[in-house]
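Working notes for the structure below.
Everything numeric in this text was worked out from a predicted model, so none of it was measured. So that the names make sense, note that chain A is the first sequence line, chain B the second, and so on, each numbered from 1.
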There are 2 protein chains.
Amino acid sequence: MARPRMFDEERALDAAMRTFWEKGYEATSTQDLCAATGLGRSSIYNTFKSKRDLFERALAHYIDTTTATQLAVLEDTRHRAADRIRTLFEIIIDGETEHRAGGRSLGCLTVNTTVELAGRDSATAAMLERDLARRLAMMRAVIEEGRRDGSVTSRRDADALARFINAAIGGMRISSQGGADRAALESIAEVALDALTH
Amino acid sequence: MARPRMFDEERALDAAMRTFWEKGYEATSTQDLCAATGLGRSSIYNTFKSKRDLFERALAHYIDTTTATQLAVLEDTRHRAADRIRTLFEIIIDGETEHRAGGRSLGCLTVNTTVELAGRDSATAAMLERDLARRLAMMRAVIEEGRRDGSVTSRRDADALARFINAAIGGMRISSQGGADRAALESIAEVALDALTH
DNA sequence: CAAGTTTTGTACTGACCTATCCATAATGCT
DNA sequence: AGCATTATGGATAGGTCAGTACAAAACTTG
């Protein structure tokens, strides 16, 4: 009935996500987004309402893919809870090693957005809060499983341990963006895991 | 010999620092800086070469004041090493509780800048790296003292523990910006300290 | 093949951005 | 007082920003 799209919306979203991830929201111009996606301005504004809207969808895309793979690891009941958390750390370190630009890690779009936008954009903050709540809930559940399977012996309550693991992940991402290499990140992860068996 | 300045350069720097801290580098306009400092554009550009230069000096100002008070705590040999680290955590939590805007913590300008600029501005990255190296060195020294005074019993090497503590601090700041309240931050700190006595 | 509908490229808009220019004001020194 | 020097305010420049308008292109369906 009408002219079809010349591009794949998901691929465009992915390219936009990558750009926001690399440069941050403010430093990314709509021209950058055109260049990264290969689309013209019209196509972008025809498909997405605004730069903000595109960003929010890119962030949602990031959250969906990233949190999904992380939750899959945490739900893998073939391994003991503490080992699943160790695997999660490994995956995160792999990601930090993999996603780089200009010799530096890009960190995590969720963390970066928490820093850059959460304080000023309530819609974005709400997205991040939902994701955080989901990850904390899952982590609490894993901690409790660990308590049962014996791999978590700390007497701290599950909520505190979950928040701690989450903070440790954030800290590793900041360390990575600050220049820490793989070995440094691995040592941080090892020490963090010690706290679970205190 | 000439007309004197109507303003205190240090106060202006402090106001600029606060603005960059709240909004980030990119989202802060030179007009914002005029409003925050109370200066006219001429005075700003007469005193500082550019927005970037003003930012770098504001960041240096932040690093000087913040790192100085933190190092003072870590050097206070009246207390055992682990207690000094606990006090450092408390100071950081106080700071997160204190420095807020719009109901949200501002986090730490050093962390925020690592996220927003370190990947794209090598001069800024160099400043952050120097500060990080200094803090890690001090933390290593404290860990080693803790080993001697018995307050740190973990067998992990001092470098790993230092990096871990630093990452934990970063993670607490991200958590705070993500909405964690004081109780949550305190529980994260407690768990992190567990790792030192593993 | 033609009508109808959507996409796409180009040009454009008005606002805001960093930075500078210049005239005027305000001081210290002689 | 008068001169040299610096600070300040206001206007302005030139560029980039997000977003829009519009016409041509491209496709589906009848």
Side-chain angles (χ1 to χ4, degrees), chain A residues 1-61 109 112-113 116-117 120-124, chain B residues 1-60 112-113 116-117 120-124:
Chain A
M1 192 117 152
R3 179 174 177 177
R5 238 168 224 169
M6 296 282 294
F7 63 93
D8 177 8
E9 190 168 319
E10 175 118 348
R11 288 178 76 87
L13 208 52
D14 212 75
M17 180 199 82
R18 171 86 190 187
T19 310
F20 285 126
W21 193 0
E22 272 184 31
K23 311 184 58 163
Y25 175 77
E26 299 287 352
T28 298
S29 70
T30 52
Q31 277 204 356
D32 291 333
L33 294 167
C34 290
T37 58
L39 308 187
R41 311 176 69 68
S42 298
S43 298
I44 285 188
Y45 277 93
N46 192 35
T47 311
F48 310 98
K49 287 204 317 252
S50 62
K51 181 185 169 186
R52 260 269 139 83
D53 181 60
L54 174 51
F55 174 77
E56 277 169 22
R57 291 186 53 180
L59 177 60
H61 181 61
L109 183 58
N112 297 1
T113 303
E116 191 186 2
L117 286 181
R120 289 182 291 126
D121 183 315
S122 57
T124 303
Chain B
M1 192 115 153
R3 178 174 178 178
R5 231 160 234 175
M6 295 284 293
F7 62 93
D8 177 8
E9 189 168 320
E10 176 118 348
R11 288 178 74 88
L13 208 51
D14 212 75
M17 180 200 81
R18 171 86 191 189
T19 310
F20 284 126
W21 193 0
E22 272 185 30
K23 310 185 57 165
Y25 175 78
E26 299 286 353
T28 298
S29 71
T30 52
Q31 277 204 357
D32 291 334
L33 294 167
C34 289
T37 59
L39 306 187
R41 313 178 66 73
S42 299
S43 298
I44 284 188
Y45 277 93
N46 191 36
T47 311
F48 311 98
K49 288 204 315 251
S50 62
K51 180 185 169 185
R52 258 260 138 80
D53 181 59
L54 174 50
F55 175 77
E56 277 168 24
R57 291 186 53 180
L59 177 60
N112 297 1
T113 304
E116 191 187 1
L117 287 181
R120 288 182 292 128
D121 184 314
S122 58
T124 303

Out of [options], which has the shortest distance to the side chain of [X]?
X	options	value
R5(A)	dT8(D), dT7(C), dC17(D)	dT7(C)
R41(B)	dT8(C), dC17(C), dT20(C)	dT20(C)
S42(B)	dC17(C), dT10(C), dC21(C)	dC21(C)
S29(A)	dT8(D), dT7(C), dC17(D)	dC17(D)

Practice task
List the atom of G40(A), the atom of C34(A), and the distance in Å for their closest heavy-atom pair.
Solution key: C-SG, 4.0 Å

Fill in the blank from the handout: On a heavy-atom basis, the closest approach of L13(B) and A58(B) is CD1-N, 4.0 Å

Protein-nucleotide distance ([X], atom [atom1]; [N], atom [atom2]), rounded to Å:
X	N	atom1	atom2	value
D53(B)	dT18(C)	CG	C1'	14 Å
Q31(B)	dA11(D)	CD	C1'	13 Å
M6(B)	dT6(D)	CE	C1'	13 Å
K51(A)	dG19(D)	NZ	P	8 Å
E9(A)	dT8(C)	CD	P	11 Å
I44(B)	dG9(D)	CD1	P	11 Å
N46(A)	dA25(D)	CG	P	18 Å
R52(A)	dC17(D)	CZ	C1'	14 Å

Problem - Phosphate contact (dA19(C) OP1 or OP2) by Y45(B) side-chain N/O below 4.0 Å - result: yes

Practice task
Kindly say if S43(B) contacts the phosphate of dT8(D), meaning a side-chain N or O under 4.0 Å from OP1 or OP2.
Solution key: yes

Fill in the blank from the handout: Closest to the 5' end of DNA chain C, once K49(B) and P4(B) are matched to their nearest nucleotides, is K49(B)

Problem - Backbone N/O of T28(B) and side chain of K51(B): donor-acceptor pair under 3.5 Å - result: yes

Exercise for the section: Using a 4.0 Å heavy-atom cut-off across all strands, classify T47(A) as base, sugar-phosphate, or nothing. Expected result: nothing

Exercise for the section: Look at all strands and tell whether F7(B) reaches a base, only sugar-phosphate, or nothing, counting heavy atoms closer than 4.0 Å. Expected result: sugar-phosphate

Exercise for the section: Output, in order, the C-alpha distance, side-chain angles, deciding distance and verdict of salt bridge (Lys or Arg N to Asp or Glu O under 4.0 Å) for E116(A) and K23(B). Expected result: CA-CA 8 Å; E116(A) 191 186 2; K23(B) 310 185 57 165; over 6 Å; no

Exercise for the section: Assess the side chains of D32(A) and S29(A): does a donor N or O sit below 3.5 Å from an acceptor N or O? Expected result: yes

Completion exercise
On DNA chain D, more 5' by nearest nucleotide between L39(B) and E26(A) is L39(B)

